[in-house]
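Worth saying up front: this structure is predicted, and the values here are computed from it rather than measured.
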Amino acid sequence: MNGGLLVAGTTSDAGKSVVTAGICRWLVRQGVKVAPFKAQNMSLNSFVTREGAEIGRAQAMQAQACRVEPTALMNPVLLKPGGEQSSQVVLLGKPVGELSARGFFGGSGPAAQPLSDAVSPGKRLHGGRQERLLGTVLDCLAELRGTYDAVICEGAGSPAEINLRRTDIVNMGIARNARLPVLVVGDIDRGGVFASFFGTVALLSPEDQELVAGFLVNKFRGDVSLLEPGLDMLHGLTGRHTYGVLPFRHGLGIDEEDGLRVSLRGTVRESNTAPPVGEDVLRVAVCAIPLMSNFTDVDALAAEPGVVVRFVDRPEELADADLVVIPGTRGTVRALEWLRERGLAEAIVRRARDGQPVLGICGGFQVLGEHIEDEVESRAGQVEGLGVLPVRVRFAREKTLTRPVGEALGEHVEGYEIHHGVASIEGGEPFLDGCRVGQTWGTHWHGSLESDGFRRAFLREVAAAAGRRFVPAPDTSFAALREEQLDRLGDLIEQHADTDALWRLIESGAPQGLPFIPPGAPA
């Protein structure tokens, strides 16, 4: 088998990432050696591979669904928004510079900063021109297809973004070049799914339409028999098969990826509903700072029975919190300004001085320090931090990308680091790579709370400091919960998709003779 498939969507957040992960888990359970691929991702939630490459967390989770190690090949281009108009471009796992949106997607606007030479010899990512990366992403896809039986690709946004089609390297651009069949996913819970399916196909060129094999309905509630007449009419209108109707299920989202606007409804997973072990619950307030990154760190807390996680943006919402978390951010100085504007900075400092637990992770760790010197990210120069940890931070042009292993609170801990800030620690007690003073903790390590023994030890300290009779469950395994979640996605595909037709599609490509749906893409 040397198969492939591109999972596209009628919109962002239609369910492409979830469906891709589900297909991957279904295939691997059939004995297929499978890998995920997303040519270009826009996300502030990223992960570090074992070779020290930065990729989107969604692709890391999809690799877990495939039961393989994630690599940079699986997400060769990652865009990390730094504001409304620019993003850091990460190419094959390494940052190569900042670009304006106009510059990257093919306009005439200049890059925000000069970019280093691209990985391909003789090529330079300069002033934009997304299409110049097409060769790189196709090479990565070809390498994966030469290694695995099947590669399940995920698109981005919608394939019918007619303003971006000329430079597209993630939807129909890659499908055309790699001759991949395309499955279009639509979120019926939003409404308008039939119009979205039809309109998506009708806005594609004849050559692109030839590869759109059919549709997959996502998040359906109710009696499927009531939907079937509409699916029959859709087939009559488009000549394309619907490959399944996936029912609405709570708690199935994998790590969120879209960058500037975080959908908090999908942040805290619903996979564990067990009652608390002790007499009390533990309330965790996460500051929803601008350009929040790797907020998935708190998923491990939400998985604990009796831990209540919520996102907050007002100081009064910290009043009843037993733990305040300041998460990572792509804009440390901007987040610091936001905390001060909202009155949250004063509340956090007061908590720290009163011995109430505060945890800062990565950018959140940096804002807790005394001084920040930033000529790289915000170029704001010297900025005063909150001053509750004896730390000075200087932003380096080189990004730290590592997978550290260590010990804290007497427990084994694993994590990953993604940051430009270099911390000089001048006191306090050691805590992972950072420090603690009283009940204020700071570290650059993402993912540390996924280490079960360490998470339980940390929560015991928090509960004691907060005066709560909270007891961590002795047997919560975050890794096992992740596996259960991925198996549920695989079950969803196996039970509610036409897997025989899906298999043929992956193995043999799009059916021949699919009709053209006018008007097609504009000239």
(request) Could you go through the side-chain hydrogen bond (donor to acceptor under 3.5 Å, both in side chains) check for Asn45 and Thr296 one step at a time? (result) CA-CA 7 Å; Asn45 284 336; Thr296 46; 4.6 Å; no
(request) Could you check Val151 against Val34 for side chain to side chain contact (heavy atoms under 4.5 Å, CB included), going step by step and ending with a plain yes or no? (result) CA-CA 6 Å; Val151 178; Val34 60; over 6 Å; no
(request) Tell me, with the steps shown, if Glu279 and Phe470 meet side chain to side chain contact (heavy atoms under 4.5 Å, CB included). (result) CA-CA 6 Å; Glu279 297 178 42; Phe470 169 84; over 6 Å; no
(request) Please report the C-alpha distance between Ile152 and Phe37 in whole Å, then the side-chain angles of each, then the deciding distance to 0.1 Å, and finally whether the side chain to side chain contact (heavy atoms under 4.5 Å, CB included) criterion is met. (result) CA-CA 6 Å; Ile152 307 303; Phe37 180 78; over 6 Å; no
(message) As a quick check of understanding, evaluate side-chain hydrogen bond (donor to acceptor under 3.5 Å, both in side chains) for Gln62 and Glu154, giving each step before the final call.
(response) CA-CA 10 Å; Gln62 290 162 356; Glu154 180 187 341; 2.8 Å; yes
(request) Check the pair Arg25 / Asp487 against side chain to side chain contact (heavy atoms under 4.5 Å, CB included), numbers first and verdict last. (result) CA-CA 7 Å; Arg25 179 49 62 101; Asp487 276 331; 2.8 Å; yes
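Using modelled atom types and a 3.5 Å distance limit, the side chains of Gln366 and His420 yield no donor-acceptor pair. For the 3.5 Å distance criterion, the side chains of Arg190 and Thr11 qualify, holding a donor opposite an acceptor.
Not one N or O on the side chain of Arg392 forms a donor-acceptor pair closer than 3.5 Å with the backbone of Gly369. Here the side chain of Lys16 pairs a donor or acceptor atom with the backbone of Gly157 at under 3.5 angstrom. A side-chain donor-acceptor contact under 3.5 Å links Ser378 to the backbone of Ala380. Side-chain N or O atoms of Ser451 include none that pairs as donor or acceptor with a backbone N or O of Phe454 at under 3.5 Å. Not one N or O on the side chain of Asp187 forms a donor-acceptor pair closer than 3.5 Å with the backbone of Ala14. At distances below 3.5 Å, at least one donor-acceptor pair connects side-chain atoms of Arg436 with backbone N or O atoms of Gly438. Formation of a donor-acceptor pair under 3.5 Å by the Asp452 side chain with backbone atoms of Phe478 is found in this model. Checked by atom type and distance alone, the side chain of Thr476 never pairs as donor or acceptor with a backbone atom of Pro472 at under 3.5 Å. Between the side chain of Asn75 and the backbone N or O of Lys38 there is at least one donor-acceptor pair closer than 3.5 Å. No donor-acceptor pair closer than 3.5 Å links the side chain of Ser87 to the backbone N or O of Leu79.
Atoms CG and NZ, from Leu44 and Lys80 in turn, are 6.5 Å apart once rounded to the nearest 0.5 Å. In this structure, CG in Leu339 is found 6.0 Å from CD1 in Ile326, a value given to the nearest 0.5 Å. The structure places CG of Leu401 at 11.5 Å from CD1 of Ile55, a figure rounded to the nearest 0.5 Å. In this structure, Ile372 CD1 and Glu377 CD are separated by 9.5 Å, a value rounded to the nearest 0.5 Å. A distance of 10.0 Å separates NZ in Lys94 from NZ in Lys399, rounded to the nearest 0.5 Å. To the nearest 0.5 Å, the span separating CG on Leu134 from CD on Gln40 amounts to 11.0 Å.
When all heavy atoms of Glu54 and Ser46 are compared, the closest pair comes out as OE2-OG, 2.8 Å. Shortest non-hydrogen contact noted between Lys33 and Thr147 is NZ-O, 3.4 Å. Closest heavy-atom contact between Cys435 and Ile425: CB-CG2, 3.9 Å. Between Gly385 and Arg340 the shortest heavy-atom distance is O-NH2, 3.0 Å. Shown here for Leu449 and Asp297, the closest heavy-atom pair between the two residues is CD1-O, 3.9 Å. The two residues Thr20 and Cys153 have their closest heavy-atom pair at OG1-O, 4.2 Å.
Pairs passing the ring-ring contact (aromatic ring centres under 6.0 Å, His included) check and including a residue from residues 44-81, sequence neighbours excluded, read Phe47-Tyr416. Residue pairs meeting the ring-ring contact (aromatic ring centres under 6.0 Å, His included) criterion with at least one partner in residues 352-406, sequence neighbours excluded, are Phe365-His444. Under the side chain to side chain donor-acceptor pair (under 3.5 Å) criterion, the residue pairs touching residues 64-73 are Arg50-Glu69, Gln64-Glu483, with sequence neighbours excluded.
Every residue two or more places apart in sequence or in another chain was checked for a salt bridge (charged side-chain N to carboxylate O under 4.0 Å, His left out) with Glu337, and none qualifies. A search for side chain to side chain contact (heavy atoms under 4.5 Å, CB included) contacts involving Ala464 returns nothing, not counting sequence neighbours.
Between Val18 and Leu489, the closest side-chain pair of non-hydrogen atoms falls below 4.5 Å. Within the 4.5 Å cutoff, no side-chain heavy atoms of Pro305 are placed close to those of Pro276. Under the 4.5 Å side-chain criterion, counting only non-hydrogen atoms from C-beta, Met61 is in contact with Leu486. Side-chain contact between Val89 and Pro95 is absent, with no heavy atoms from C-beta onward closer than 4.5 Å. Using a 4.5 Å heavy-atom threshold, the side chains of Pro81 and Arg330 count as separate.
Open room surrounds CD on Glu346; 12 or fewer heavy atoms of other groups in view lie less than 6.0 Å from it. Crowding of Arg353 atom CZ: a count of heavy atoms from other residues, nucleotides or ligands under 6.0 Å not exceeding 12.
With respect to Val286, the side chain to side chain contact (heavy atoms under 4.5 Å, CB included) criterion is satisfied by exactly one of Val309, Leu359, Ile361, Leu323: Val309. The only option from Val137, Thr136, Leu92, Val170 that meets the side chain to side chain contact (heavy atoms under 4.5 Å, CB included) definition with Val77 turns out to be Val137. The side chain to side chain contact (heavy atoms under 4.5 Å, CB included) test with Leu386 is passed by exactly one of Leu344, Thr440, Leu336, Val358: Leu336.
Salt bridge Arg482/Asp299: present, at least one basic N to carboxylate O contact under 4.0 Å. Using a cut-off of 4.0 Å between Lys/Arg side-chain N and Asp/Glu carboxylate O, Glu304 and Arg455 are scored as salt-bridged.
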Table please: side-chain donor-acceptor pairs of residues 312-321 below 3.5 Å, with sequence neighbours left out.
{"residue": "Glu317", "atom": "OE1", "partner": "Asp313", "partner atom": "N", "Å": "3.0"}
{"residue": "Glu317", "atom": "OE1", "partner": "Arg314", "partner atom": "N", "Å": "3.0"}
{"residue": "Asp320", "atom": "OD1", "partner": "Arg310", "partner atom": "NH2", "Å": "2.6"}

